[in-house]
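Reading through the structure tokens given below for one structure.
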Protein chains: 2
Amino acid sequence: MIQKSETRKEEIVRTAEALFKKKGYSAVTMRDIAQAMGIKAASLYNHIQSKQQILSDIIIQIGEQFTEGMAEIVAAENITSIEKLERIIKLHVQITMENPSKMATMNNDWMHLEGKLDYYLQLRRNYEESFRQILKQGIEKGELKAVNPEIILFSILSTLRSLYLWIPKREDIIKENLLGKLSQVMLTGVTA
Amino acid sequence: MIQKSETRKEEIVRTAEALFKKKGYSAVTMRDIAQAMGIKAASLYNHIQSKQQILSDIIIQIGEQFTEGMAEIVAAENITSIEKLERIIKLHVQITMENPSKMATMNNDWMHLEGKLDYYLQLRRNYEESFRQILKQGIEKGELKAVNPEIILFSILSTLRSLYLWIPKREDIIKENLLGKLSQVMLTGVTA
DNA sequence: CTACAAAACTAACAATTGTTAGTTTGACTT
DNA sequence: AAGTCAAACTAACAATTGTTAGTTTTGTAG
């Protein structure tokens, strides 16, 4: 298997996103990032254009990954709404397991985007709208409870968006089917 | 009804927390806060000791409110675990409706606490541990599904901690029983 | 009208910020 | 041995940061 090794720029982004996760974009300085790599701040600029570009790279990459994933789910045929919800949950778990720090950065620091803020917001609105449509169809078909879809949307999405906080700490839980149990709790509740 | 009018310091905190909610503690400057009040940054120091004190006031006040609320729930007798969960949900909805910006600040900027970080973390650990105990009792008594309590805890708490994002935008939903519907979705799920 | 306290102001500080310019290092290739 | 090129370095900048000191304004009670 050929493995393209990490470029220096990717290394910087990876270092930066770990710091962003801990303290947030605004509280992390270029000197912090440089120090974590064992070099001086000015050296970073041989590889990246600006601090803002690091943020933008992180958020847009993940945002587009969600957009693609949701498009596939929407396009899936012969599938119940419940199964679509399960696939949404799976999408979040997968992306979060592979990029916990990027997820933290997207969730917490999107408002510091400068050039690409509007684009990001559009991706997010579209994603949420697709989610809403799936819920509405589920209610129409009688597969979901007839509760205000906004409440369901809020409730599920809040949990999924917080996954980055828990996944890195709970390797144990993950290995034994986080996905199945999480789906069970979110879809069928907790009462016996 | 006698109404103690807001002190200047409280006005500053209220202005600051709204800005913290939008951009986060680190991205808000003392000049931002001052400008929002129509005065100069130096004037703030007639009323407060430091930027850090503003943050600390906000977070500790809310943190202690949760601690007190949870203590009452734990102490309640002749109550099922389900009813305890409902009271936890009610506690979050109430505090969040009354202090959406403070909730945002506590959730997003606690890591920037300097003097009182350890105290805050202790409050939070105790709160989560009480929550966990309630879940375990519920499972033992057969009132809750026998799912790993960590997953239930994570799932419910994620939703409750995100309430600050939605409550200010959804006056409509709130008036017609947010509490009941949210409890329904979180406790009994969404499948029909 | 005067006195006093609250709350604003101006001016400045030392530290830190993101970033640029120009230079040096060090590992390969020829 | 000489040349090349990525990637590090030093030094500096202009702007912004939280905060302080000292002074003036404002409103109210005697």
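In what follows, chains are A, B, ... by sequence order, proteins preceding strands, each numbered from 1. Because only heavy atoms are used, hydrogens play no part in the values below, and waters and symmetry mates are left out as well, while side chains stay in.
- At the phosphate of C:dC9, OP1 or OP2 sits under 4.0 Å from a side-chain N or O atom of B:Ser43.
- A donor and an acceptor atom never sit less than 3.5 Å apart when one is taken from the side chain of B:Asn46 and the other from the base of C:dA6.
- With sequence neighbours excluded, no residue forms a side chain to side chain contact (heavy atoms under 4.5 Å, CB included) with B:Ala71.
- Judged as a salt bridge (charged side-chain N to carboxylate O under 4.0 Å, His left out), and not counting sequence neighbours, the contacts of B:Asp57 are B:Lys9.
- Remark: A:His47 is in phosphate contact with D:dA8, judged by side-chain N or O atoms under 4.0 Å from OP1 or OP2.
- Partners of B:Glu129 under the salt bridge (charged side-chain N to carboxylate O under 4.0 Å, His left out) rule, at least two apart in sequence or in another chain, are B:Arg132.
- For the pair B:Ile39 CD1 and D:dT26 P, the computed distance is 15 Å after rounding to whole Å.
- Here salt bridge (Lys or Arg N to Asp or Glu O under 4.0 Å) pairs that include residues 20-36 of chain B, with residues two or more places apart or in two chains, are B:Lys23-B:Asp32.
- As rounded to whole Å, 15 Å separates atom P of D:dA6 from atom CD1 of A:Ile12.
- Computed from coordinates, the A:Lys9 NZ to D:dA7 P distance equals 13 Å when rounded to whole Å.
- Classification of the B:Phe66-B:His92 ring pair by plane angle, with boundaries at 30° and 60°, yields tilted.
- Annotation: side chain to side chain contact (heavy atoms under 4.5 Å, CB included) contacts of A:Leu117 (sequence neighbours excluded): A:Trp110, A:Leu113, A:Leu121.
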Taking protein heavy atoms under 4.0 Å as touching, what does nucleotides 15-21 of chain C look like 5' to 3' if B marks base contact, S marks sugar-phosphate-only contact and - marks none? --BBBBB
